[in-house]
Amino acid sequence: MKLSEEKVYRFSELANKVKASMIRELLKYANLPGAISFGGGTPDPETFPREELAQLAAEVIQKEYKYTLQYATTEGDPELVKQIIHLIKRVYDVDGVEPENVLITAGSQQALELIGKVLLDKDDYVIVGDPEYLGALGAFRMRDPRFLVVRFEDDGPDINQVESYLKKLDASGQIHRLKFLYLVSNFQNPSGITTSLEKRKALVELAEKYDFLIVEDDPYGALRFEGEMLPPLLKFGGTQRVILLNTFSKILCPGLRIGVVVADKTIIRKLVLVKQSTDLCGPALNMRLTARYLERYDILQQIKPAIELYRRKRDVMLDALKEYFGDVPGAKWTKPEGGLFVWVTLPEGYDTMEMFKFAEERKVFYIPGQAFRPFDEPSSSMRMSFCLPPFEKIVEGVRKLKEAFLAYKAYKGLR
Ligand SMILES: *Cc1c(COP(=O)(O)O)cnc(C)c1O
């Protein structure tokens, strides 16, 4: 047998269906020397509280080894659940969350996958956005549902379009096959858009009227730079209508892989059963470490310097966009009040996927909007993350992006 020969395996339908992420391919060269990448969606490692975590890790391994080095329960560390309930009250002003309403997952990504498993059968309907968070699309896609795609406006999903889908499903007797609407409510990844108060209420009302669930994913809500925090959809719909997902990935660090589901007890019990077969239980060490961190430090105070850093970087990016793209008719971009992303839209006729190679030649990277479209159509938008590049590189990167834009424009003969 030759080791170099490629063997064809009889993979499952699911395995044959999964594709490598376009982002991975596109960002292969983003780490080369001299490259400026607006592509990454990860937080700045300098914001991770490494000293604090290192000290606590030693403590919880030595003093709490009977817990931290042992199997845990599938529901998650009760000490962490206690801290999370406390935090939910503080951040969202939501009362009445009991330990039975909470499940700790390996990041929100696992929660998305488990939700797909407990709610979706083949050909069920799910309402998602255009654009939408890739991780969610990938997790749901495993279940082979039908996506109903809703345009994002400056203040969130187009409610009229949601309603027209609902009416059609209702009229055709298919409404029971609509399982949930997925929404990143604050500073959406990729668009930076926050769903307005009116739209939050309207979505919950529609969910009541047509009896479907809302999966509210909020990894960025606590990364607000300015303006007023809006109540979560959970606050209007309660746990029987809304499943709230949260994560410590963007406000503490992604490496611990701590995500949170807040949902009705009956849903949590199902998720627990399915999670058991997935991984038995989450990592006790990481859960307890996070619990003790939350106990000892005020995480909302701790993230203030990170928020300030991201706010300043956002300002630098918005200023640079204004300077270099302000004179491009039809170009526009979001002005997020938090989170990690600005969504830049070029005039009609521009395709940011095609433009990518012009940017790559100038060693500046972004993620083409096509990556975030549920049906993979070309897009004139792109996701620009401001969190990783140093200040001066943000300006230089946007300047180079303008050069790439002009080169692409000339190549295509666009006006
Ligand atoms: C980053 C992110 C997550 C978090 O993923 P983890 O698995 O918790 O690291 C979830 N949803 C959205 C929209 C995100 O941007």
Side-chain angles (χ1 to χ4, degrees), residues 21 23-24 27 38-45 47-48 76 80 84 87 102-117 126-142 150 152 156-157 180-195 214-224 232-234 242-263 271 275 278-279 282-283 286-287 290 299 303 306 310 334 336 338-343 367 369 371-374 383-388:
S21 132
I23 295 190
R24 260 170 204 252
L27 295 183
F38 300 124
T42 56
D44 185 341
T47 67
F48 303 154
L80 178 56
I84 283 170
L87 196 59
V102 180
L103 172 65
I104 311 293
T105 52
S108 290
Q109 189 59 34
Q110 186 180 41
L112 292 166
E113 204 255 347
L114 294 175
I115 284 170
K117 279 183 174 163
V126 184
I127 302 180
V128 295
D130 177 15
E132 190 53 276
Y133 174 54
L134 258 187
L137 293 175
F140 303 153
R141 214 169 252 141
M142 300 271 203
V150 174
F152 256 64
F180 59 86
L181 174 147
Y182 171 77
L183 178 70
V184 181
S185 46
N186 293 304
F187 324 124
Q188 193 221 28
N189 177 3
S191 69
I193 289 170
T194 294
T195 298
I214 295 176
V215 176
E216 177 176 24
D217 188 4
D218 187 25
Y220 303 105
L223 286 182
R224 181 174 272 284
L233 282 81
L234 175 69
V242 179
I243 300 174
L244 176 72
L245 307 187
N246 218 311
T247 174
F248 287 93
S249 288
K250 315 291 159 50
I251 58 169
L252 182 60
C253 58
L256 288 172
R257 309 304 300 131
I258 303 290
V260 182
V261 184
V262 178
L271 290 169
K275 187 177 191 295
T278 305
D279 65 1
N286 296 9
M287 293 192 283
T290 308
I299 193 168
I303 55 168
Y310 295 148
T334 55
L340 305 176
F341 310 108
V342 173
W343 184 246
I367 313 274
F372 306 100
R373 301 198 74 181
R383 189 187 78 177
M384 307 258 295
S385 170
F386 45 79
C387 74
L388 285 179

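Start at 1 with the first residue, then count along the sequence. What you are looking at is a predicted structure, and each value in this text was computed from that prediction instead of being measured. In each ligand, atom 1 is the first atom listed, and ligand 1 is the first ligand listed. Hydrogens, waters and symmetry mates play no part in the numbers below; they use all other heavy atoms, side chains included.
- Residue contact check: Val184 has heavy atoms under 4.0 Å from atoms 13 (C) of ligand 1.
- Counting protein heavy atoms only, atom 15 (O) of ligand 1 is closest to Tyr220 OH, 2.5 Å.
- With hydrogens left out, the protein atom closest to atom 9 (O) of ligand 1 is Ser249 OG, 2.6 Å, a heavy atom.
- Heavy atoms of Pro219 approach ligand 1 to within less than 4.0 angstrom.
- With contacts defined as side-chain heavy-atom distances shorter than 4.5 Å, the pair Leu271/Val261 qualifies.
- Taking every non-hydrogen atom of Asp217 and a distance limit under 4.0 Å, the qualifying atoms of ligand 1 come out as 10 (C), 11 (N), 12 (C), 13 (C).
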Using distance only, find each side-chain donor-acceptor pair of residues 132-141 under 3.5 Å and give its atom names and separation, not counting sequence neighbours.
| residue | atom | partner | partner atom | Å |
| --- | --- | --- | --- | --- |
| Glu132 | OE2 | Gly129 | N | 2.8 |
| Arg141 | NH2 | Pro374 | O | 2.7 |

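- Residue contact check for ligand 1: Phe248 places no non-hydrogen atom closer than 4.0 Å to it.
- Taking the side chain as every heavy atom from C-beta outward, Ile258 and Leu80 approach each other to under 4.5 Å.
- When side chains are defined from C-beta on, Tyr182 does not count as touching Ile127, because their heavy atoms never get closer than 4.5 Å.
- Looking at residues two or more places apart in sequence or on another chain, you find a side chain to side chain donor-acceptor pair (under 3.5 Å) between Thr247 and Ser249.
- Close N/O approach between Thr247 and ligand 1 is found [any backbone or side-chain N/O within under 3.5 Å].
- Counting only non-hydrogen atoms, the option in Lys250, Arg257, Gln109 that gets closest to atom 4 (C) of ligand 1 is Lys250.
- Counting only heavy atoms from C-beta outward, the side chains of Val260 and Phe248 approach each other to under 4.5 Å.
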